[in-house]
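Take a look at the structure below.
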Amino acid sequence: MLFEVNRKLYARSDRVKGVDFHPTEPWLLTGLYNGSVNIYNRDTGALIKSFEVADVPVRCVKFIARKNWFVAGSDDYQLRVFNYNTHEKVAAFEAHPDYIRCLAVHPTASIVLTGSDDMTIKAWDWDKGWRNIQIYEGHTHYIMALAFNPKDANTFASACLDRTVKMWSLTSSTANFTMDAHDKGVNYVDFYPGADKPYLVTCGDDKSVKVWDYLSKSCVQTMEGHTNNVSFAVFHPNLPIIVSGSEDGTVKLWNSGTYRIENTLSYALERAWCISLRKDANEVGVGFDEGVVVIKLGRDEPTFSMDPSGKLIYTRAHDVLSFSFQTMQGTATPTSDGARIPISSKEIGSTELFATSLLHSPNGRFVTVVGDGEYIIYTALAWRNKAFGNGSSFAWAPDNNTYAVLEGRTKLRIYKNFKERTTGNMKGAGAWAMDGLHGGTLLSARGTGFVVFWDWESGEIVRRVDVDAKNVLWSGTSTLVAIIADDASYILRFDRDAYTEKLESGADLGDEGVEEAFEVVSEINESVRTAKWVGDCFIYTTAANRLAYFVGNESYTISPFDTPLYLLGYIPAHNRIYLADKGMQIYGYSLSLAVVEYQTTVLRGDMDAANEILATLPKEQLNKVARFLEGRDMKELAIQITTDPEHKFDLALSLDDLDTATEIARSVPEHEAEVKWKSIGDRALAVWRFELAHEAFERASDLSALLLLLLSIGDREGLRKLADKAVEKGQNNLAFATLFQLGDADACVDLLVKTQRQPEAALFARTYAPSKVPEAVDSWKSELTSKGRSKIAASIAHPSANQDLFEEGWDDVMAQEEALRGQSVECRFFVNCPL
């Protein structure tokens with residue numbers, strides 16, 4: 001069984017006796033022999049939190065994520081519960097009169113099981129104040145491990161050093177049955193996660209791993225290979241393997257179908273003690289004497305293939321399942337984007353290989369399963385074996401009868417009608433170390449730093465491109481190809497005529513092929529996870545969890561999503577893109593193929609064909625089309641198509657179609673239209689439409705802009721009305737500036753007095769309106785007297801007769817005004833410029 005094993009986290013610490021993955025956060029919990037509990041970020045390896053739990057070893061730890069807790073059992077007989085967010089100790093009590101060896105948290109109920117050296121198992125209910133609700137007795141030695149049954153959470157199994165495994169019901173204190181499992185103590189027990197087999201896996205101090213049928217109580221298989229006590233053995237929830245770890249310092253991966261060793265891992269951290277599996281990804285956490293390791297097995301992407309008619313085939317371990325999207329009619333297809341689609345898959349067979357890829361032939365008649373260094377071609381309907389052989393990668397040709405197989409990294413074989421082709425071998429294939437093959441219009445192979453394209457028929461090199469690629473995808477029209485790299489993707493156009501002309505000229509194509517055969521059309525500067533072509537439309541998902549499509553030179557986002565999704569394909573009859581998550585749960589997003597065809601024809605410049613398609617588009621797609629046209633700077637056409645008033649208004653402004661913009665603004669309630677009228681006024685000024693600008697600024701209540709406009713055109717009557725409106729709205733500074741520009745000094749004085757600015761009124765009157773001085777001074781004096789400043793009021797009673805005292809009084813008044821108002825007092829007057 002071939003899959004990658006990558007180490008994600010490697011952290012040295014004191015002896016690790018317990019580990020657990022958090023179900024939603026990127027955290028790994030570890031319980032240490034020195035009494036501490038650490039939480040690591042499994043992706044970065046950073047130590048996030050540390051808890052001093054006890055002075056003695058902590059032997060078992062588990063997250064209780066739904067309560068934001070973790071629970072720990074230790075050698076001081078205490079069970080402790082902490083809130084990992086607040087570091088608060090939620091509970092601590094003596095659970096057993098001896099060491100607590102193991103824990104199990106019920107998947108749904110508020111129950112924790114503990115197993116101890118006192119030879120008992122106890123159930124604790126946290127909703128009842130951590131009361132002991134049941135004691136399970138029957139073992140005669142230390143309890144080493146506990147596991148709830150995934151098929152029936154009301155039952156659980158226990159492993160004990162008395163060499164037995166017992167099955168229990170939560171409500172009964174005595175075991176349902178007992179199995180004599182090993183010749184020495186049993187250290188671990190785990191249930192098979194699938195629904196098809198009633199299996200347990202156990203391991204013990206006799207250095208063996210065993211698989212049991214717990215219904216018949218018979219041993220299915222004994223696996224030997226470890227050289228010391230085996231600490232744990234578990235079924236992987238996603239891969240067909242059993243993972244075991246031992247005091248010999250190794251972790252072994254066993255094939256759960258053949259029970260053979262697939263891999264042995266050693267990280268030089270001495271004895272292996274504990275394990276945790278992350279169920280939503282192929283990650284395994286293992287605790288050792290000298291630290292903890294997280295390893296990733298294989299890939300997260302599910303193995304699937306969908307043919308052009310909508311028939312989906314995917315694998316679950318060695319089982320092959322199928323579903324047809326064509327059977328979904330009417331209301332069976334959800335209308336909301338991103339909604340999960342319930343499907344009823346049927347099992348159509350199985351495959352001997354652990355599939356790493358599935359590939360439909362172009363016409364959908366055959367499906368190739370690739371894995372474990374081999375390939376098998378099945379008929380898609382009956383799932384019968386048609387052909388098989390050795391191969392690490394496989395590619396179909398467009399004619400459905402030709403395919404290529406890569407053996408190792410340098411041996412490339414071509415088959416036609418299921419027989420190896422003896423002519424037209426791919427030139428230069430043996431000279432390159434290839435990582436994978438990709439089918440389509442041309443056969444392509446990728447390796448480190450290159451992608452090479454061959455002609456299926458002649459075997460000639462069409463072009464070699466220097467790029468590190470992870471996938472190569474051809475469009476349905478056979479003219480475009482996407483080369484997908486880690487951080488970017490490149491769209492190239494294939495010119496077959498240029499290649500054919502060079503070939504027929506008799507020129508030596510060499511190792512580089514024909515340079516003119518490919519032209520770079522565009523580049524997508526983001527990491528593409530999965531992708532499909534629909535005609536000349538490139539649909540893809542990104543590593544940032546976004547669904548988008550690419551047409552011409554532009555990318556358009558369809559929708560973001562929360563978790564990684566993988567593109568299955570597009571069903572034109574549904575106008576929907578279908579995606580799946582890691583567990584093959586299906587989701588749909590709408591995409592009108594007619595819209596894509598319209599965009600494609602516009603980009604080709606064929607506006608006659610585009611107009612024909614436009615007439616067939618549903619109304620709900622018109623706004624999307626209008627925004628596309630706007631992006632292509634075709635605003636005149638966009639404004640005719642859009643039905644969105646806001647978009648139409650923006651387009652009208654950008655086109656200086658102010659009549660349309662005004663019509664839209666007048667149809668909107670006044671309190672909602674002020675921003676629109678302001679925009680119209682600004683554009684009207686730019687195109688010298690002063691009357692419209694005047695109306696727009698009035699409707700927008702933009703008196704400042706209106707002042708500038710009226711000053712520019714010399715409209716005295718308009719300025720008089722503006723001053724009145726400014727006073728009405730309380731915009732006194734603007735009213736003063738307007739009156740001053742009108743040369744109405746008396747009105748300016750009256751406004752200053754009215755707004756409690758008597759000192760400024762007096763000075764302004766003294767300079768610009770002498771006849772208003774007595775009135776202003778009397779008002780100032782009355783204001784000072786009312787505030788208890790009679791001495792100052794007396795000093796300014798006759799300013800013309802006592803100038804020095806007046807000015808001294810002015811300075812005093814200003815100082816007091818500044819203290820009262822908490823800010824500097826400033827009076828500015830404009831130079832009078834007659835209109």
Side-chain angles (χ1 to χ4, degrees), residues 302-316 318-328 343-353 355-372 374-406 412-421 424 436-444 454-457 471-478 481 530-535 566-574 578 580 584 586:
T303 306
F304 61 85
S305 180
M306 192 170 88
D307 70 7
S309 70
K311 183 179 180 182
L312 171 68
I313 290 179
Y314 63 98
T315 61
R316 187 170 288 152
H318 292 285
D319 298 326
V320 181
L321 298 95
S322 176
F323 173 77
S324 178
F325 285 98
Q326 293 293 353
T327 61
M328 298 168 54
I343 66 171
S344 179
S345 302
K346 65 177 181 178
E347 189 173 325
I348 61 172
S350 62
T351 178
E352 301 170 15
L353 308 178
T356 54
S357 67
L358 296 179
L359 299 98
H360 270 96
S361 62
N363 61 9
R365 290 182 57 196
F366 301 105
V367 178
T368 305
V369 179
V370 182
D372 298 340
E374 301 177 32
Y375 73 92
I376 302 175
I377 301 175
Y378 294 93
T379 57
L381 289 177
W383 200 253
R384 292 195 182 97
N385 189 324
K386 182 70 176 177
F388 62 91
N390 294 324
S392 57
S393 189
F394 185 99
W396 285 100
D399 65 4
N400 298 288
N401 297 316
T402 305
Y403 57 87
V405 177
L406 177 64
L412 181 60
R413 297 180 185 271
I414 307 298
Y415 293 81
K416 189 174 182 67
N417 296 324
F418 302 99
K419 294 180 180 180
E420 187 171 0
R421 196 170 73 183
L437 301 179
H438 303 276
T441 305
L442 303 176
L443 172 63
S444 57
W454 286 284
D455 188 331
W456 279 102
E457 292 301 321
N471 203 354
V472 179
L473 292 168
W474 281 90
S475 69
T477 60
S478 302
V481 62
T530 54
K532 294 280 185 182
W533 283 96
V534 179
Y566 306 92
L567 191 59
L568 300 177
Y570 178 79
I571 306 296
H574 299 170
Y578 292 101
M584 288 307 294
I586 309 300

I'd like to know whether Thr315 forms a side-chain contact (heavy atoms from CB on, under 4.5 Å) with Val369, so could you lay out the CA-CA distance, the side-chain angles of the two residues, the decisive distance to 0.1 Å, and finally the verdict. CA-CA 10 Å; Thr315 61; Val369 179; 5.6 Å; no
Can you check side-chain contact (heavy atoms from CB on, under 4.5 Å) on Val370 and Leu359, steps first, answer last? CA-CA 8 Å; Val370 182; Leu359 299 98; 4.1 Å; yes
Under the side-chain contact (heavy atoms from CB on, under 4.5 Å) rule, what do Arg413 and Asn390 come out as? Steps first, then yes or no, please. CA-CA 10 Å; Arg413 297 180 185 271; Asn390 294 324; over 6 Å; no
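Between Val534 and Tyr570, the closest heavy-atom pair is CG2-CB, 3.7 Å. Here the closest heavy-atom approach between residue Gln326 and residue Ile571 is recorded as NE2-CG2, 4.2 Å. Considering all non-hydrogen atoms of both residues, Tyr578 and Ile586 come closest at CD2-CG2, 4.2 Å. What you find for Lys311 and Ser322 is that their closest heavy atoms are CE-OG, 3.4 Å. Heavy atoms only, all atoms of each residue included: Ala387 and Tyr403 are closest at CB-OH, 4.2 Å. Listed here is the closest heavy atom pair of Ser324 and Thr327: O-OG1, 2.6 Å.
Using a distance-only test at 3.5 Å, with no hydrogens or angles considered, no donor-acceptor pair links the side chain of Asp372 to the main chain of Glu374. The main-chain N or O of Leu437 is found under 3.5 Å from a side-chain atom of Ser393 such that the two form a donor-acceptor pair. Between the side chain of Asn363 and the main chain of Arg365, a donor-acceptor pair closer than 3.5 Å is present. At least one donor-acceptor pair under 3.5 Å links the side chain of Ser361 to the backbone N or O of Phe366. A distance-only check finds a donor-acceptor pair linking the side chain of Trp533 to the backbone of Leu473 [under 3.5 Å]. For the pair Ser305 (side chain) and Ile313 (backbone), a donor-acceptor distance under 3.5 Å is absent.
Atom-to-atom distance recorded for Leu321:CG and Ile348:CD1 is 8.0 Å, nearest 0.5 angstrom. Note: Phe323 CZ to Phe304 CZ = 15.0 Å, rounded to the nearest 0.5 Å. Here CH2 of Trp396 is found 10.5 Å from NE2 of His360. Values are rounded to the nearest 0.5 Å. Atom CZ of Phe388 is separated from atom CD1 of Ile377 by 11.0 Å, given to the nearest 0.5 angstrom. The OH atom of Tyr375 sits 14.5 Å away from the OG1 atom of Thr356 when rounded to the nearest 0.5 Å. Distance check: Trp383 CH2 to Ile376 CD1 gives 9.0 Å after rounding to the nearest 0.5 Å.
Trp456 and Thr402 form no side-chain donor-acceptor contact under 3.5 Å, judged by distance and modelled atom types alone.
Judged by the 6.0 Å and 45° rule, Lys386 forms a cation-pi pair with Phe418.
Contact check for Met584 versus Ile343: no side-chain heavy atoms found under the 4.5 Å cut-off. Considering only heavy atoms from C-beta on, Leu443 comes within 4.5 Å of Leu412 through its side chain. You'll find the side chain of Val405 stays beyond 4.5 Å of the side chain of Glu420, heavy atoms only.
Residues in residues 343-352 take part in these side-chain hydrogen bond (donor to acceptor under 3.5 Å, both in side chains) pairs, two or more places apart or across chains: Tyr314-Ser345, Thr351-Tyr378.
For Tyr566, the OH atom is densely surrounded, since the number of other residues' heavy atoms within 6.0 Å is greater than 12.
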